[in-house]
Asker: 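Encoded as structure tokens, here's the structure I'll be asking about.
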Amino acid sequence: MSNYLETKFNDIHFKNPVIPASGTFGFGREYEAFYDLAKLGGLCSKGLTLEPKSGNTGMRLWETPAGLMNSIGLENPGIDAFIENEWPHLKEIDTVTIVNVGGKDEESYLTAIEKLNAIDAQLIELNISCPNVKAGGMAYGIKAETAGEITRKVVEISRHPIMVKLSPNGEAVADIARACEDAGAQGISLINTLQGMAIDYRKKAVVFDNLYAGLSGPAVKPIALRMAHQVCQAVKIPVMAMGGISDWKDALEFIMAGATCIQIGTINFNNPMAPLEIIAGLEAYCINEGLANIGEVRGIV
Amino acid sequence: MSNYLETKFNDIHFKNPVIPASGTFGFGREYEAFYDLAKLGGLCSKGLTLEPKSGNTGMRLWETPAGLMNSIGLENPGIDAFIENEWPHLKEIDTVTIVNVGGKDEESYLTAIEKLNAIDAQLIELNISCPNVKAGGMAYGIKAETAGEITRKVVEISRHPIMVKLSPNGEAVADIARACEDAGAQGISLINTLQGMAIDYRKKAVVFDNLYAGLSGPAVKPIALRMAHQVCQAVKIPVMAMGGISDWKDALEFIMAGATCIQIGTINFNNPMAPLEIIAGLEAYCINEGLANIGEVRGIV
Amino acid sequence: MAVILSNTLVSAGVFKMTVAFTGVVKPGQFFMLRAWDKDPLLSRPISVHDYESGQLTFLYQVVGKGTEILAKLQADDEVTIQGPYGNGFPEIIGDLCIVGGGIGTAPLYYLLRHYRDQNPIGKCRVYLGFRDIAYGIEAFASLADEVVLDVGGIITHKLSVLPGETVVTCGPELMMAAVANAVPAENTVYVSLEAHMACGIGACLGCTCETRSGNKKVCKDGPVFVREEVFNV
Amino acid sequence: MAVILSNTLVSAGVFKMTVAFTGVVKPGQFFMLRAWDKDPLLSRPISVHDYESGQLTFLYQVVGKGTEILAKLQADDEVTIQGPYGNGFPEIIGDLCIVGGGIGTAPLYYLLRHYRDQNPIGKCRVYLGFRDIAYGIEAFASLADEVVLDVGGIITHKLSVLPGETVVTCGPELMMAAVANAVPAENTVYVSLEAHMACGIGACLGCTCETRSGNKKVCKDGPVFVREEVFNV
Ligand SMILES: Cc1cc2nc3c(=O)[nH]c(=O)nc-3n(C[C@H](O)[C@H](O)[C@H](O)COP(=O)(O)OP(=O)(O)OC[C@H]3O[C@@H](n4cnc5c(N)ncnc54)[C@H](O)[C@@H]3O)c2cc1C
Ligand SMILES: Cc1cc2nc3c(=O)[nH]c(=O)nc-3n(C[C@H](O)[C@H](O)[C@H](O)COP(=O)(O)OP(=O)(O)OC[C@H]3O[C@@H](n4cnc5c(N)ncnc54)[C@H](O)[C@@H]3O)c2cc1C
Ligand SMILES: Cc1cc2nc3c(=O)[nH]c(=O)nc-3n(C[C@H](O)[C@H](O)[C@H](O)COP(=O)(O)O)c2cc1C
Ligand SMILES: Cc1cc2nc3c(=O)[nH]c(=O)nc-3n(C[C@H](O)[C@H](O)[C@H](O)COP(=O)(O)O)c2cc1C
Ligand code: FES
Ligand code: FES
């Protein structure tokens, strides 16, 4: 194993900058049938909340041209059950584990974060951008002021570094990123899903019980790349970018736009081997271009 | 010809609610080789500015998954040349002609609008949402306050009804729509293109001289449908919706979301006959569903 | 990637595809099929219609973009298949009563064949309902003790389940709910559910269904459930 | 929709497709080709390589998604073609000097054949440059008075244009610019440009190029321009 892809995200060492995205990878177990998770740069847990959540009723998935809409609504077993049942398994995997945390109000965020102080995660991804839950979720993530506030409070009480996951549905994303940086965030990730709508014309009805849902997949890549670029220009803390990455070329473009790491979401459903193929593709790129490390093209545009 | 599709947009009578979108249809002439433009509900001119504009340099088109990015930059002959060379032809076509107007500052908008008072257009589409020009363009369209202001001034001096075309890249689109309604707009159209970015990894460079560009096409439909729905819920004036419509089913969904008319953009490039096929599809739908008029399903969701 | 051995029309809009595959496959399990790159984005869940000596068969109805592409494939073409996924039907002890509706008959044929292999003296009765045109009846008839066919009607009007029979049903949700309600409480009833799926392996939580014991994943915990779990009976 | 008569590999990654078509087609014009529904979204501009007795031929290089799909088509398949579009080459009076680079040779063959038909006693010399592998040389050789071939070099190093010759060039932009600079001002030089295109008919303004007389559309006002219009010479 060479070190073409080794990457530092602050002082966290990643074997490579490729990480399956929250909510598209469960807690990893399901993908162990496909490959050794230790080959990944890291992995990111399904979004967790303080209490268990049963998620949204009704249709949860709807395919769109080059995209996928989901309305999962943060179904998850809750922080306690996660720590008890998933963490012991996750922490044994030789890769960086990122814990994704959502909340419905300030208190639930803070209590969840405090509980996580009990485990040794390497990074927490603070999800203030889920468009699929009624309370909390995206509400914090669409205004710089509220995003900064919740970040400040979370950073204060967490013993883990906090990476804030931004929404593409709010005010100028660079402003929000700066507010999070000022509030002490150690990293930014983006984008969460774009708010969209589906109508089933046959049924003359909306598809999702929750009315709107989150759009992801290749369709959104140009928007995600623009926002990643804006945020990389705006902040000094490292950025983990995602949105529609489907192959190593897409991944490379986000790195060229300035991203330190990249996350792989929806494409896992199309091709479970996608993360490994992206790692292999980036490595081959380094070799073909004569790069000692992928970092040499980071932020090159 | 039956009247399944006849539609009133305020007191403007449309044969059908299907209108090719600004910038994707030139001034109509090119499509006359394909069909009789009088079959359309209406047509919308390329975006015009007071002065002639040569548009953006460098690459102007870039395909994306189920989408198209463009960086035309409002290349157009200017209002005077339009009135002299294009209007005499356009006004003879037995359909509703919408004139799309952009500007770089307040004065240029107002002067352009004043000049248009000389012709008998049926509707002006006020473009405050072009992401591809440096001055003006989208700047007015991403904040409710500025959108309302420019609308008020334009409405005041125009003898034509004003439909304001909104950007999907700004603050909550419903707020912007309400501000325009309050300022006297007689209609809303949306969405203009979503701001995106493209990188040519082979060249290690951004694709567009203007850095970012506008994304349109089927990829953006879920987002456009959500925004159309939000705006239809928010205002009482009629809405002309667009964004990724590629067939009659898509068109129907926008109508079910509340749109009075719909515009057909990028898909014209894939299939020049798309508008006529959409008209035929909507008509067949009315017949099959036993509707006397398509209006019976408008806003049904 | 699996090589297609045949892919033929069996009835209006219904195709049977056989591919080469080696593995252990239970009745009621499904595969995720894809014969395209990224358009459409997702693979399509299709049940195992039959599996024998390295030949895996699917029976599918053309309803949209994905199945349209599948229907165009020919022998020697390749198709990406992931699986087998899902719990599958349990081993049936005693007599069996199968109730299939439309394309929901697809997984039931393999169930019947497997049942016959395991249980040569058990009795098996089959109810098959179709909206317009029936298909695949002979295959069931060759293995079942009795086949009751219904076209255009409501299958539960004909259905009478015998004491001791285990009922297995697959078809439109309304039909399965009607079966679940019609069959006496003493009989065990298994239903095979459908849901839109992204991953097919339990990672996305897109196929969740509500059950008496909380949310379950149709792809991983199902698609087969005991009726009481998923229907209010 | 046009029926494909043949579609064969002529060199590494280069295919020749012949389709049935009836109409008037000038050398230098192009068609917008599509053999897919909406993925990719746009049609692909491809020049006319030859046209005779209802047979329209394209010569194309596989470089991405669209041309990959085209390359997979077979005789009897259908392809959507819109066109012919563009101005095409002017009628050449007097002697002709053709300078083609790589796949840029595609439109030049039809030009040469047409020139020979119209101008049986005119002289025509042909320069053809390729990076790695040459193709299509014999076809040019059978009609031209002289063919100069260059593989892996720089064609303008070999180029010497005779007084009175009209020069027509198509190939990589850098090559065309070099030709435009190398040829004496007394000779007329026509270049055939490329640009990404959405509509192909002048409606989207996506293919604009700057010329001495303002913006022009490559699809409608071009793709053929006089060198002085588009290059600084
Ligand atoms: C476990 C399981 C087993 C199945 N077995 C069979 C089978 O053996 N034979 C058969 O013909 N069909 C079967 N289906 C249904 C089959 O998956 C759908 O008909 C198919 O996905 C439709 O795809 P499409 O692209 O043709 O239709 P589209 O409507 O274009 O599909 C759009 C999206 O909706 C999803 N979708 C649409 N209808 C269904 C549905 N009924 N169930 C699940 N997802 C759907 C698609 O997967 C896709 O993601 C099964 C479904 C499940 C969940
Ligand atoms: C007037 C004209 C005539 C042409 N004639 C020929 C010909 O005879 N033979 C031939 O092999 N090629 C020709 N080309 C180039 C051909 O259009 C491209 O190679 C082709 O569009 C690439 O499509 P793709 O999907 O394979 O590649 P991709 O790179 O995947 O295409 C992505 C997008 O970029 C566009 N694009 C990429 N390269 C070019 C290019 N060089 N020119 C224009 N658009 C491009 C595509 O049309 C598409 O919209 C011509 C181009 C023009 C403008
Ligand atoms: C089915 C599904 C579930 C998701 N769940 C979560 C989640 O729990 N928490 C979160 O922060 N993001 C969640 N996301 C968003 C993804 O992590 C990612 O931000 C988004 O999908 C964009 O990336 P992509 O286009 O590569 O999928 C989910 C996305 C999908 C498709
Ligand atoms: C090539 C191109 C040029 C455009 N030019 C204009 C314009 O001049 N004025 C304007 O208001 N919108 C312009 N638009 C935006 C479209 O009118 C429309 O709002 C957008 O493309 C979304 O619709 P669609 O997805 O159906 O294309 C342009 C879009 C494209 C693709
Ligand atoms: S389809 Fe993803 S969990 Fe079932
Ligand atoms: S391709 Fe649209 S104007 Fe030339």
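Side-chain atoms are counted along with the backbone in the values below, which use heavy atoms only and exclude waters and symmetry mates. So you know, we letter chains A, B, ... as the sequences are listed, proteins then strands, and number each from 1.
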Asker: Please classify the contact between B:F254 and chain A as side chain, backbone, both or neither, with a heavy-atom cut-off of under 4.5 Å.
Answerer: neither
Asker: Tell me which one of A:T193, A:T266, A:L68, A:V220 satisfies side chain to side chain contact (heavy atoms under 4.5 Å, CB included) with A:L215.
Answerer: A:V220
Asker: Taking A:M227, A:K249, A:E171 one by one, which has the highest count of heavy-atom pairs under 4.5 Å against chain B?
Answerer: A:K249
Asker: Could you check whether A:N192 and A:S167, counting side-chain N and O atoms only, form a donor-acceptor pair closer than 3.5 Å?
Answerer: no
Asker: Measure A:V206 against the heavy atoms of chain B and call it side chain, backbone, both or neither at under 4.5 Å.
Answerer: both
Asker: Mind listing the closest non-hydrogen atom pair of A:S71 and A:N210 along with its distance?
Answerer: OG-CB, 3.9 Å
Asker: For A:I142, is it the side chain, the backbone, both or neither that has a heavy atom under 4.5 Å from a heavy atom of chain B?
Answerer: neither
Asker: Just say parallel, tilted or perpendicular for the rings of A:F9 and A:F14, cut-offs at 30° and 60°.
Answerer: perpendicular
Asker: Against chain A, label B:L225 side chain, backbone, both or neither, depending on which of its atoms sit under 4.5 Å from a heavy atom there.
Answerer: both
Asker: For chain A, which of B:K221, B:Q230, B:R202 has the most heavy-atom pairs under 4.5 Å?
Answerer: B:Q230
Asker: Against chain B, label A:A257 side chain, backbone, both or neither, depending on which of its atoms sit under 4.5 Å from a heavy atom there.
Answerer: both
Asker: May I have the step-by-step check of ring pair (Phe, Tyr, Trp, His ring centres under 6.0 Å) for A:Y212 and B:H229, ending in yes or no?
Answerer: CA-CA 10 Å; A:Y212 303 145; B:H229 185 255; 5.7 Å; yes
Asker: Counting only non-hydrogen atoms closer than 4.5 Å, does B:I223 touch chain A with its backbone (N, CA, C, O), its side chain (CB onward), both, or neither?
Answerer: both
Asker: Is it the side chain or the backbone of B:E253 that comes within 4.5 Å of chain A heavy atoms, both, or neither?
Answerer: both
Asker: Is it true that atom CD of B:E145 has more than 12 heavy atoms of other residues, nucleotides or ligands lying nearer than 6.0 Å?
Answerer: no
Asker: Below 4.0 angstrom, N of the basic side chain to O of the carboxylate: do A:E289 and B:K204 qualify?
Answerer: yes
Asker: Less than 4.5 Å to any heavy atom of chain A: does that hold for the side chain of B:I255, its backbone, both, or neither?
Answerer: neither
Asker: Please check: side-chain N/O of A:N169 versus main-chain N/O of A:Q195, any donor-acceptor pairing under 3.5 Å?
Answerer: yes
Asker: With chain A as the partner, which of B:S246, B:P222, B:G196 has the greatest number of non-hydrogen pairs under 4.5 Å?
Answerer: B:P222
